[in-house]
Asks: 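Input: one structure, supplied below.
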Amino acid sequence: MLKIEDLCIAFKNGSGSAQVVHGISMEINDGEIVGIVGESGSGKTVTALAASGLLKRGDVTTSGKILLDDVDLLECNREKLRKYQGNDIGIIFQEPMTSLNPLMRIGRQVEESLKLHTKLSKSERKERAISAMRSAELAQPEILYNKYPHQLSGGMRQRVMIAAAIISNPKLLIADEPTTALDVTIQAQILELLKKINQELGVSIMFISHDLSVIRRLCDRVVVMKKGRIVESGGTLEIFLNPREDYTKKLIACIPSRKKKRS
Amino acid sequence: MKKQKNYNLIIGAAITGIMILLIAMGMFYTPYEPNEIDAAAKLAPPSLSHFLGTDNMGRDIFSRILDGAGTTLFIAVCVVAVGAVLGVIMGALTGYYGGLLDEILMRVNDIIAAFPSVLLALVFIAILGSGKMNVIIALGILFIPGFARLTRGEFVRCKSQEYVKSAKLMGASGSRIMLVHILPNTFPVLFSSIAIGFNNAVLAEASMSYLGIGVQPPDASLGRMLSESQSYIFSAPWYALSTGITIALLILGFILLGEGLKKRSGGNA
């Protein structure tokens with residue numbers, strides 16, 4: 001469904017340019033959860049932004065292909081891209097504190113993409129928003145609909161973001177470290193929720209994280225990135241049981257475990 | 001946590017409120033016609049019939065202050081409206097899109113801001129001619145850079161926030177992002193600067209009328225009355241005092257209101 005072919009991304013800085021992604025290729029099939037893992041600066045977020053079409057700016061040069069159902073997103077102009085954004089692709093950011101507009105009611109933010117892409121009436125939108133919030137396992141969505149972000153906790157805000165991302169039944173959900181800013185119990189709930197959404201709605205998820213233990217719980221396949229290149233990729237189990245590259249082994253060794261003693 | 005009372009806001013709002021009420025009343029009712037001449041009572045001291053006395057032509061000062069303050073306030077409102085609307089549009093576009101447009105418009109802004117405002121207003125008046133409308137245009141143009149810079153800064157700050165990114169990702173157009181997603185977030189800063197803008201506008205109008213390039217006679221304006229009263233400052237001190245105090249109160253009210261709003265939005269953020 002989503003196919004990335006030989007993607008290169010470079011940022012212009014001053015006179016020269018810095019290449020941050022060096023020719024990566026990957027594929028996400030229908031209904032699949034693919035984890036992208038790597039350290040800070042490995043190019044995972046930039047790749048996700050490119051896949052969502054947010055990187056269309058003057059100071060960024062891209063080459064290669066990002067095919068969403070055989071349409072190259074890198075070739076699309078702004079207008080055409082807007083049709084896919086929000087409709088076919090949803091995104092969840094890392095920081096639930098800043099990813100909601102502080103001056104907009106929750107309901108309006110959840111239904112924003114319906115407002116932009118459909119001609120539904122106000123009450124129809126509200127109905128859809130409330131059912132999306134219910135899918136995101138938010139309690140009392142009717143009441144939350146009229147609240148402001150500062151009245152919600154971090155976990156609830158992340159659920160609101162998820163509701164906003166799935167309301168238009170996208171084909172692909174990009175989750176950029178959605179659990180990093182949350183504490184562990186909430187993390188587990190959000191992961192469960194993403195898994196449930198993946199199974200019930202059949203949406204593919206591109207899950208970005210630096211935390212292999214999170215990836216192991218959720219993803220069907222893993223892509224390990226380092227310094228803008230793909231180091232290794234394969235099925236989650238396969239990677240965890242049989243890491244081929246040193247870098248992957250090191251990452252796996254980072255997962256805290258009960259058996260190892262602290263030195 | 002004990003909430004500190006925002007005295008600036010309370011007092012500022014009270015002064016401004018009373019002044020605006022008086023001015024509003026003056027639009028419908030003044031004790032005398034502002035331009036009515038009573039030749040028998042030139043420079044009469046305050047009395048029961050003339051609350052604040054009369055001026056050199058025997059006109060009732062209280063009525064003229066109400067009328068003149070109305071003119072001054074009207075000009076100030078128009079000036080701030082022109083400056084704020086154009087400034088916000090300019091700041092929003094440059095802040096959101098950046099690039100060459102940003103460079104050019106902001107340098108033009110710098111050029112306007114580099115001149116002392118009354119001097120530049122004089123130049124505009126010299127080109128356009130004097131009169132109420134032209135004062136509004138001249139001062140309005142002078143008020144653009146301040147609002148533009150402020151709005152630009154806020155837009156640059158909000159642009160990189162994730163809720164703007166996610167709105168973009170949902171496929172919102174540039175104009176929708178600017179109007180619906182960013183603009184309301186600039187209001188706290190914008191409102192306090194509009195209040196302070198009012199007081200600058202009142203002051204600028206008063207000084208231009210004082211210099212004789214603003215409102216033309218026989219229309220009353222606080223600046224004009226102050227300049228007229230100067231000649232009689234010893235024989236009729238109440239004339240200069242009452243106009244001067246009116247200007248001072250108007251400005252004080254707006255300053256306190258602006259400071260109070262600033263404090264309030266800063267405290268909540």
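These numbers were taken from a predicted model, which means no experiment stands behind them. Below, read A as the first sequence line, B as the second, and so on, with proteins coming before strands; counting in each chain starts at 1.
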Asks: To the closest 0.5 Å, what do you measure between CG (A/L103) and CD1 (B/I182)?
Replies: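 It comes to 12.0 Å.
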
Asks: Heavy-atom pairs under 4.5 Å with chain B: which of A/M161, A/Q109, A/E95, A/R108 has the most?
Replies: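 Ranked by contacts with chain B, first place is A/E95.
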
Asks: Just by distance, do the side chain of A/N101 and the backbone of B/Y163 share a donor-acceptor pair under 3.5 Å?
Replies: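 Checking the backbone N and O of B/Y163 against the side chain of A/N101, no donor-acceptor pair under 3.5 Å is found.
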
Asks: Measuring heavy-atom distances to chain A, does B/V180 have an atom under 4.5 Å in its side chain, in its backbone, in both, or in neither?
Replies: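 Both parts, backbone and side chain.
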
Asks: Drop me the distance from B/H181's NE2 to A/M104's CE, to the nearest 0.5 angstrom.
Replies: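 Answer for the NE2-CE pair, B/H181 versus A/M104, is 4.0 Å.
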
Asks: Taking every heavy-atom pair that is under 4.5 Å apart, which of A/G90, A/P102, A/S168 has the most such pairs with chain B?
Replies: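 The residue among A/G90, A/P102, A/S168 with the greatest pair count is A/P102.
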
Asks: Of all the heavy-atom pairs spanning A/S99 and B/S166, show the shortest one and how long it is.
Replies: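 That would be O-OG, 3.8 Å.
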
Asks: So which heavy atom on A/F93 is nearest to which on B/L169, and how close?
Replies: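 Heavy atoms only, the tightest pair is CZ-CD1, 4.1 Å.
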
Asks: Identify the heavy atoms of B/A172 and A/E112 that sit nearest to each other, and give their distance.
Replies: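 It is CB-OE2, 4.2 Å.
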
Asks: Which one wins on heavy-atom pair count under 4.5 Å against chain A: B/Q161, B/R176, B/K165?
Replies: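 Heavy-atom pairs under 4.5 Å are most numerous for B/R176.
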
Asks: Without swapping roles, check the side chain of A/H117 against the backbone of B/M170 for a donor-acceptor pair under 3.5 Å.
Replies: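 Here the side-chain-to-backbone pair exists.
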
Asks: With chain B as the partner, which of A/T98, A/L49, A/I91 has the greatest number of non-hydrogen pairs under 4.5 Å?
Replies: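 The residue among A/T98, A/L49, A/I91 with the greatest pair count is A/T98.
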
